[in-house]
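Each remark here refers to the structure printed beneath this line.
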Amino acid sequence: MEGKTGYPIVPNFIAGFNGVVPSMARLVLTCARVLTKQFDPLRHGFGVANTSVAFLCGRLFALCESDLPYEVKVTEDGDIITLGRHDFGSIEPFLRMTAHPKIDKATGEAFCYGYDVKCAAIHDFAVTENYVVFPDTQIVMNPWWILRGRSAVGIDPDKIPRLGIIPRYAEDERGMRWIDAPGFNMLHCVNAWEEDGGGAIVMVASNIVSAEHIFDDMESSQLTLRS
Ligand SMILES: [Fe+2]
């Protein structure tokens, strides 16, 4: 769509809001594009699908967590064709899915999660033999910040990061156990497994050391590997 018009149309919810006036101008412009049918988010989606790619259920997907996965096809001459958004036939409708689904190579199962913009911004997770681990970090999402001219994604310095551990096949949140993890703002999980017969979970993950700068000054925000 943007290739056809020659300029960006799809709003960027992380970097696209940098002041009340420009944010409002972009909002008005986006509304005008929807009204003139130049941008049809209900039909074509609103995601940029630029975060990762994953091969799930025999299909290739381009993913960004602001929207559902987009199924793509690579043609014989190397072109990439978008086939459309996919919700995997979910009974419960959802609008956004993680860009980092996990495949259990032993069983062939795929694990994904969807989330609402009102919750914490959970970018990645971990799956072990019997558990799933979700990080709840200081990176939070607050759409109201857009009205203050800030990005909808930012840092809550007063929040204590924590890890949520839930049985792998839990049907609801009742089995979730939360463990405080001060100073651990996990961004990506490299790997996770169980030790001591399932009594311990080891997770190797990247940690944002100075989270307060992650969005405005990435140069001074360090990432370390932690387990
Ligand atoms: Fe990522």
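Both ligands and their constituent atoms are indexed starting at 1 by order of listing.
Between S90 atom OG and M97 atom CE the span is 11.0 Å, to the nearest 0.5 Å. For the atom pair NZ (K73) and CD1 (I80), the distance works out to 13.0 Å, reported to the nearest 0.5 Å.
Between Y70 and F61, the gap from one ring centroid to the other reaches at least 6.0 Å.
A side-chain donor-acceptor contact under 3.5 Å links N185 and Q138. A side-chain donor from one of E194 and T128 sits under 3.5 Å from a side-chain acceptor of the other.
The number of protein N/O/S atoms found under 2.8 Å from the Fe ion (ligand 1) is 3.
For the pair D40 and R33, the salt-bridge criterion is not met [side-chain N within less than 4.0 Å of a carboxylate O].
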